[in-house]
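No experiment lies behind these values; they were computed from the predicted model shown.
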Amino acid sequence: MMDNLAQILMLLGVAVAVAVTFQRLHIPTSLGYLLVGLILGPHTIGPVVHVPEFKALAEFGVVFLLFTIGLNYSLPQLHSLRNQVLGLGTAQVVFTTLVVGAVVWLAGFPVTVAFVIGAVFAQSSSTIIGNQLTEQGEENSTHGRLGLAMSVFQDVTAVPFLVVIPVLGMAVGIDVLAGALGWAVIKALTAFVLVFVVGRWLLRPFFHLVTKHRTAEVFTLAVLLVALLAAWATNSLGLSLAFGAFIAGMMLGETEFRHQVESSIRPFRDVLLGLFFVGIGMMIDPTAIPGIWHWALMGMLLILISKILIVAAMVRKSGIDILATWRTALLLAVGGEFGFALLAISIDAGVIDVHIGQIALTSVLFSMVAGSLLIKFNHAIAGRLAGPQPGKTQGVADSLLGVSKPQVLIGGYGRVGHTIAVLLQSSGVSFVAFDTDPKRVAQGRVDGHPVVYGDISDPELLAVAHVEHASLVVITVDQPSTALRAISVLRNSCPQVPVIARARDLETSTQLIDAGATHAYPEAIEASLRLGAIALQVLQIPDKDVDLIIQGVRDWDYDPVLEDDQEKS
């Protein structure tokens with residue numbers, strides 16, 4: 001017992017150190033947990049963690065991951081996503097599995113091995129994509145929303161693989177195997193109906209009863225009970241634990257308790273999923289890499305190239321513009337953590353041997369590293385792949401034909417951009433606004449404002465809009481990286497034009513001013529100042545004095561209010 005405790009403490013210590021380091025370096029922590037497993041695994045020099053219950057415990061990381069995915073994909077939500085994301089997400093997994101599987105089969109591997117590797121390579125990392133998009137300020141862009149939605153839906157499409165792959169490990173003939181697969185599908189449908197019916201009739205009343213006492217720990221215990229009970233039910237039918245958890249999550253996703261359930265389960269999911277990645281890292285044998293690196297490199301290229309081409313073809317056919325198409329394809333090229341899960345299940349089921357599993361594992365690992373770089377530089381790479389786009393700038397020029405020579409250019413037609421447009425129009429000032437969201441562009445036209453599709457940080461677009469003749473540029477986009485790029489382009493091309501920008505906080509405001517913005521107002525502090533000004537006016541302080549006080553705070557770069565905040569903290 002004490003030996004296990006010492007190993008657990010060592011595992012936790014290394015995990016905390018690596019996770020903190022990776023977070024500071026803005027590297028996905030999933031890669032950090034893989035490194036922890038590599039350090040503490042049996043294939044490297046140094047201490048080895050060997051806890052008998054570790055593998056079984058880590059498996060519940062995947063169980064809770066599927067449970068939370070189910071929460072976000074209830075039946076009504078799946079129905080609402082049936083067109084673009086549902087169709088594209090399913091098609092991407094199917095076509096990638098078939099294409100990669102065909103290549104592996106032609107290389108001389110059995111059909112079952114080819115199928116598994118195709119399924120593994122088809123997955124993309126929602127964690128890496130989501131983290132990097134947020135860090136780069138692209139989470140609300142067209143390619144960001146579409147790419148992340150498709151990657152999350154890949155996790156949903158992995159559920160059938162959880163049913164099929166264990167059956168493939170049975171050493172039987174094709175007819176028996178087909179019967180076993182059919183029986184597995186029947187059991188899966190039975191489990192779905194069972195959990196669906198029970199969930200529909202019992203879950204909501206059950207959680208109403210639990211929440212009457214408003215006890216957080218009882219609510220958490222109830223969530224664990226439901227997730228594990230559903231997992232046990234499907235496991236009893238010969239299916240995976242994760243499949244039952246996914247169905248239970250779908251049922252709870254339709255209730256009013258969904259957000260609290262996700263909040264309660266998240267700590268267990270994150271810790272156990274971290275242990276799962278540690279377990280995957282322990283499977284990596286660095287001494288085997290010199291003998292398989294060329295195969296792993298070829299596997300990485302197969303992952304990246306096949307997914308880029310397949311996703312690009314599908315997204316382009318759906319009507320997305322060429323630049324956003326390539327950017328979406330580059331996001332989804334990265335390998336996925338769920339590929340590790342399918343790989344571990346395949347090895348346990350005996351579908352593939354350890355040597356092939358090691359090659360596939362290393363290929364996915366390489367693709368996660370290379371894919372992270374593709375995501376980071378997706379704009380530059382996509383620009384080269386898309387090539388010159390005269391049609392795009394010509395389209396902008398055509399859109400500007402009916403607009404009088406604008407005095408003001410607005411970058412972004414969201415909440416702030418719309419407000420500025422209303423004020424400018426009321427004052428009789430000519431302007432044009434740019435936004436990369438087609439819905440906002442359409443809404444702008446409905447509002448009677450000259451709103452054009454375009455990225456305010458695009459030098460070609462600014463040239464077509466003749467920004468050098470503008471009296472002012474107002475940047476209201478919510479992505480700091482886009483705002484910084486736009487200010488950099490404006491300072492280089494037309495430094496005489498003043499630029500004012502929206503900033504979330506003082507840190508972003510400072511960055512924008514350092515980049516060349518004339519003014520950058522931090523929203524949070526400005527909202528507080530406006531509230532304070534109203535308070536002073538209610539107290540009958542003269543408006544002139546109020547204006548002097550507020551302007552004094554601004555002139556001192558908000559230092560007076562910041563000093564007060566620091567003293568209180």
Side-chain angles (χ1 to χ4, degrees), residues 81-107 109 111 113-126 128-130 132-133 141-161 164 296-340 342-343 360 363-364 366-375 377-379 381-387:
L81 293 173
R82 65 190 182 278
N83 295 323
Q84 193 178 61
V85 175
L86 187 62
L88 289 175
T90 304
Q92 184 268 317
V93 173
V94 170
F95 283 120
T96 304
T97 302
L98 292 176
V99 170
V100 172
V103 172
V104 175
W105 176 69
L106 291 173
F109 290 91
V111 175
V113 173
F115 172 77
V116 169
I117 293 179
V120 170
F121 284 10
Q123 304 301 313
S124 302
S125 175
S126 302
I128 293 177
I129 294 173
Q132 285 203 228
L133 286 176
S141 62
T142 301
H143 65 279
R145 290 196 301 270
L146 181 58
L148 186 57
M150 287 178 65
S151 69
V152 171
F153 190 74
Q154 286 176 0
D155 299 337
V156 178
T157 61
V159 174
F161 293 130
V164 171
L297 192 61
M298 290 170 57
M300 178 198 74
L301 292 174
L302 181 59
I303 294 173
L304 299 179
I305 295 173
S306 63
K307 288 204 284 189
I308 287 175
L309 295 178
I310 291 171
V311 173
M314 292 190 309
V315 173
R316 182 60 177 159
K317 193 173 182 180
S318 70
I320 304 296
D321 69 86
I322 186 66
L323 185 62
T325 291
W326 283 115
R327 296 183 78 173
T328 304
L330 291 169
L331 298 186
L332 290 166
V334 65
E337 53 266 12
F338 226 99
F340 290 139
L342 297 178
L343 203 55
S363 298
V364 175
F366 284 178
S367 75
M368 293 176 83
V369 176
S372 298
L373 296 176
L374 293 179
I375 297 172
F377 301 106
N378 73 85
H379 187 272
I381 297 172
R384 290 186 175 274
L385 292 173

Peer 1: Shortest non-hydrogen contact from A122 to T97?
Peer 2: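 Where A122 meets T97 most closely, the heavy atoms are CB-OG1, 3.7 Å.
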Peer 1: State the CE-CD1 distance between M298 and I305, to the nearest 0.5 angstrom.
Peer 2: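 Separation between the atoms: 10.5 Å.
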Peer 1: Quick check for you: to the nearest 0.5 Å, what is the distance between L309 atom CG and M314 atom CE?
Peer 2: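 It comes to 11.5 Å.
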Peer 1: Just how far is it from atom CE of M300 to atom CG of L302, taken to the nearest 0.5 Å?
Peer 2: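 Interatomic distance, M300 CE to L302 CG, rounded to 0.5 Å: 10.5 Å.
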Peer 1: Return yes when atom CZ of F366 has more than 12 non-hydrogen atoms of other residues, nucleotides or ligands closer than 6.0 Å, and no otherwise.
Peer 2: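 Check passes, neighbour count above 12.
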Peer 1: Can you check whether F161 reaches V93 side chain to side chain, under 4.5 Å on heavy atoms?
Peer 2: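 Heavy-atom side-chain distance check passes, below 4.5 Å.
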Peer 1: How about V104 and F121: do any of their side-chain heavy atoms sit closer than 4.5 Å?
Peer 2: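 SC-SC contact between V104 and F121 ruled out.
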Peer 1: To check you understand the geometry: which heavy-atom pair defines the closest contact between G299 and S363, and what is its length?
Peer 2: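 Result for this residue pair: CA-OG, 3.6 Å.
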Peer 1: Closest approach of V334 and S372, non-hydrogen atoms and distance?
Peer 2: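 For V334 versus S372, the nearest heavy atoms are CG2-N, 4.4 Å.
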Peer 1: Roughly how far apart are L146 CG and L331 CG, rounded to 0.5 Å?
Peer 2: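 The CG atom of L331 is 9.0 Å from CG of L146, to the nearest 0.5 Å.
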Peer 1: So I308 and W326, do their side chains get closer than 4.5 Å, heavy atoms only?
Peer 2: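 Yes, close enough: below the 4.5 Å cut-off.
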Peer 1: To the nearest 0.5 Å, tell me how far T325 OG1 sits from L385 CG.
Peer 2: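 Taking OG1 in T325 and CG in L385, the distance rounds to 11.5 Å.
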Peer 1: Begin from the C-alpha positions of L332 and K307 and carry the test side chain to side chain contact (heavy atoms under 4.5 Å, CB included) through to its verdict.
Peer 2: CA-CA 7 Å; L332 290 166; K307 288 204 284 189; 5.6 Å; no
Peer 1: Tell me the closest heavy-atom pair linking A370 and L304, and the distance in Å.
Peer 2: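 Looking at all heavy atoms of both residues, the shortest contact is CB-CD1, 4.0 Å.
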Peer 1: Mind checking the CG-CD1 spacing from L330 to I129? Nearest 0.5 Å is all I need.
Peer 2: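 Separation between the atoms: 11.0 Å.
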Peer 1: Restricting to non-hydrogen atoms, name the atom on L374 and the atom on A333 that form the minimum distance, rounded to 0.1 Å.
Peer 2: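 Closest approach of L374 to A333: CD1-CB, 4.1 Å.
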Peer 1: For L343 and A360, which heavy atoms make the closest approach, and how far apart are they?
Peer 2: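 Of all heavy-atom pairs spanning L343 and A360, the closest is CD1-CB, 3.9 Å.
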